[in-house]
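Contents: one structure, followed by commentary.
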Amino acid sequence: MTTDILADLRWRELLHQSTDEAELAKLLAAPQSAYVGFDPTAESLHVGHMMGLMTLRRFQNAGHRAIALVGGATGMVGDPSGKSQERNLLSVDDLNANVAAIKEQMGRFLDFEGDSGARLVNNYDWMSRFSYLDFLRDIGKHFPVNVMMTKDSVKRRLEGSDAGISYTEFSYMLLQAYDFAYLFEHHDCRLQLGGSDQWGNITAGIDLVRRMHGQHLHGATWPLLTKSDGEKMGKTASGAVWLSAQKTSPYQFYQYWVNVADADAGKCLRSLTELPHEEIEALDQSRAEAPQQRQSQKRLAQWITQLVHGEPGLRAAEQATQVFFGQPIENLSDAELTEIFSDVPSQTLAKDRLGGDGLSLLDAFVEAGLVKSKGEARRRVKEGGAYVNNHKRTDFEQRLTAADLASETVMVLRSGKKKYALLRFEG
RNA sequence: GGGGGGUUAUCCGAGUGGUCAAAGGAGUCAGACUGUAAAUCUGAUGGCGCACGCCUACGCAGGUUCGAAUCCUGCACCCCCCA
């Protein structure tokens, strides 16, 4: 019932480091449990978590048991890996709220149903019961400090003259190592996965279990997903791209993937989708021969949006895309417009402002917040960058009346190529 | 304590009595081009019923003058040199 997951991961370039591959392959010949840790630092997961989620999903699909560990305890301490500064600690209440929200989102990637379903564990559940003395005696004694000092995550902080590292963060490694030991003891979990920055923490866990139980566990990492320009994946000018529809709408989410650079598209298709190898190779070819069609980006956006936001979310994103890129806005209802433009700022005005001579075009743009002054509005019209319901308006003395409504009460204003705002007329 | 320099629009930075809403650059915005990309090119860039008009702006407060970002006085902050 297991497929050759290692081969698939290798093909997708998702194997960065691992413990002995031959041993690992032998282990995975039978169903195993594999775990990935997630930091509950926010109330929603974001694109940066998708590698871990997808990796677990691949293991689950290959017939293994996926264990998602949320770091309720470790989140209170903070992982020094990849960080140049001591992090702010979260309160218990914040953490619990985050964990609850994150659980919900993981359901889109993993099947938690049934006896063989994925498991979600929170290390707070076992760590919080540990007394400091017990932990030092039972766990701490297995950690030679001289070895800990040589780990990259610690070394960097010791060498970095200004930051330093607190005892708390220094101890982080022990907590994560113990997680692995705990999961081994209680869930017979012998494999930990993580991003390449987690290698040190993973090996710490393996070492710990070897010392405590004389057992050899396994670990593997995926390469950190970065963009060709060196930036982190999943960041936009306005912040992270979240998996929560409240924080990042399906349309914005979809657009993020549509706009992935050509140079990054292949990598994303491989690491974040489950598209078959042949299809990905065909897209590689399409990208080389007809990049302007951007088939890779469209397929990528489609696949990922559907996974994260479901079929309805994908449909909404695709419909919004149509409208946002110039389709005339007619024959749509208030409800449809509201749905499509849910990301767009809107202002509500009294309906009678459309009566009589109507509302001046310039005032409408100012009211909608698209421009800061009438002077700027005038400029925009002169430049040919002012649209009402996706129709260009060139006469800045024009006045808008009820005839200019796109639907019952909504008017869609646009400044430039894609900056939209809605005016609702009520009363 | 003494001497010198500075403070200009979103930022950098010119401007030393009128022709200064203030050169130039960056940024931003728009347009063309394009693949919802990058690069490039063009234009705009204090407000106002904006074609010649008015208002607000050159650290702050006063003053000289027909007229000040520009001169004078005081104040605040910053930098440098000497003690």
Side-chain angles (χ1 to χ4, degrees), chain A residues 47 226-238 241 248-269 282-305 313-329 340-345 353 356-400 412-421:
Chain A
V47 163
T226 54
K227 295 197 290 183
S228 50
D229 60 10
E231 295 282 299
K232 257 192 199 155
M233 202 76 209
K235 288 273 187 206
T236 66
S238 48
V241 178
T248 298
S249 73
Y251 167 73
Q252 290 170 327
F253 186 83
Y254 178 87
Q255 282 293 316
Y256 177 78
W257 299 108
V258 167
N259 283 310
V260 164
D262 290 358
D264 300 322
K267 201 161 38 173
C268 290
L269 283 166
L283 288 169
D284 287 344
Q285 195 174 349
S286 157
R287 211 161 55 247
E289 290 166 3
Q292 70 280 8
Q293 290 185 8
R294 294 184 310 129
Q295 288 179 350
S296 297
Q297 284 89 339
K298 287 174 187 162
R299 191 73 182 93
L300 177 70
Q302 186 189 20
W303 197 92
I304 298 185
T305 306
L314 173 61
R315 264 205 311 279
E318 285 178 333
Q319 193 189 11
T321 296
Q322 296 279 308
V323 172
F324 272 98
F325 289 91
Q327 292 282 313
I329 302 169
I340 291 171
F341 289 100
S342 58
D343 296 331
V344 157
R353 296 192 59 178
D357 280 350
L359 176 65
S360 98
L361 181 64
L362 300 182
D363 283 336
F365 273 78
V366 175
E367 294 274 14
L370 287 173
V371 294
K372 288 196 278 296
S373 66
K374 287 170 87 167
E376 194 181 338
R378 193 180 304 268
R379 236 176 274 140
R380 196 61 24 85
V381 175
K382 282 182 187 161
E383 290 161 345
Y387 298 78
V388 176
N389 302 333
N390 274 349
H391 294 292
K392 185 184 285 190
R393 297 298 166 100
T394 52
D395 175 11
F396 58 72
E397 291 184 346
Q398 187 179 16
R399 306 192 76 81
L400 300 169
V412 181
L413 303 184
R414 177 176 134 210
S415 164
K417 283 214 165 59
K418 38 187 159 176
K419 215 160 84 195
Y420 282 85

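Note on naming: letters A, B, ... go to the chains in the order of the sequence lines (proteins, then strands), and numbering restarts at 1 for each one.
For A:Gln292 against B:U34, a side-chain-to-base donor-acceptor contact under 3.5 Å is absent.
Distance noted for atom P between B:A21 and B:A57: 14 Å (whole Å). Spacing between B:G13 and B:U7 at atom P, rounded to whole Å, works out to 9 Å. Taking atom P on both B:A30 and B:C77, the two are 42 Å apart, rounded to the nearest angstrom.
Residue A:Gly375 is classed as a base contact, given a heavy-atom separation below 4.0 Å to a base. No contact: A:Gln293 has no heavy atom under 4.0 Å from any strand. Among the heavy atoms of the strands lying under 4.0 Å from A:Ser415 are primed sugar atoms or P, OP1, OP2 only; no base atom is included. A:Arg294 comes within 4.0 angstrom of a base, heavy atoms only.
If you check the side chains of A:Gln322 and A:Glu318, you find no donor sitting under 3.5 Å from an acceptor.
A perpendicular orientation is assigned to the rings of A:Tyr420 and A:Phe324, their planes being inclined by more than 60° (bins at 30° and 60°).
Phosphate proximity of B:C48 to A:Ser373: present, with a side-chain N or O under 4.0 Å from OP1 or OP2.
Taking the charged nitrogens against the carboxylate oxygens, A:Arg379 and A:Glu383 have no contact shorter than 4.0 Å, which rules out a salt bridge.
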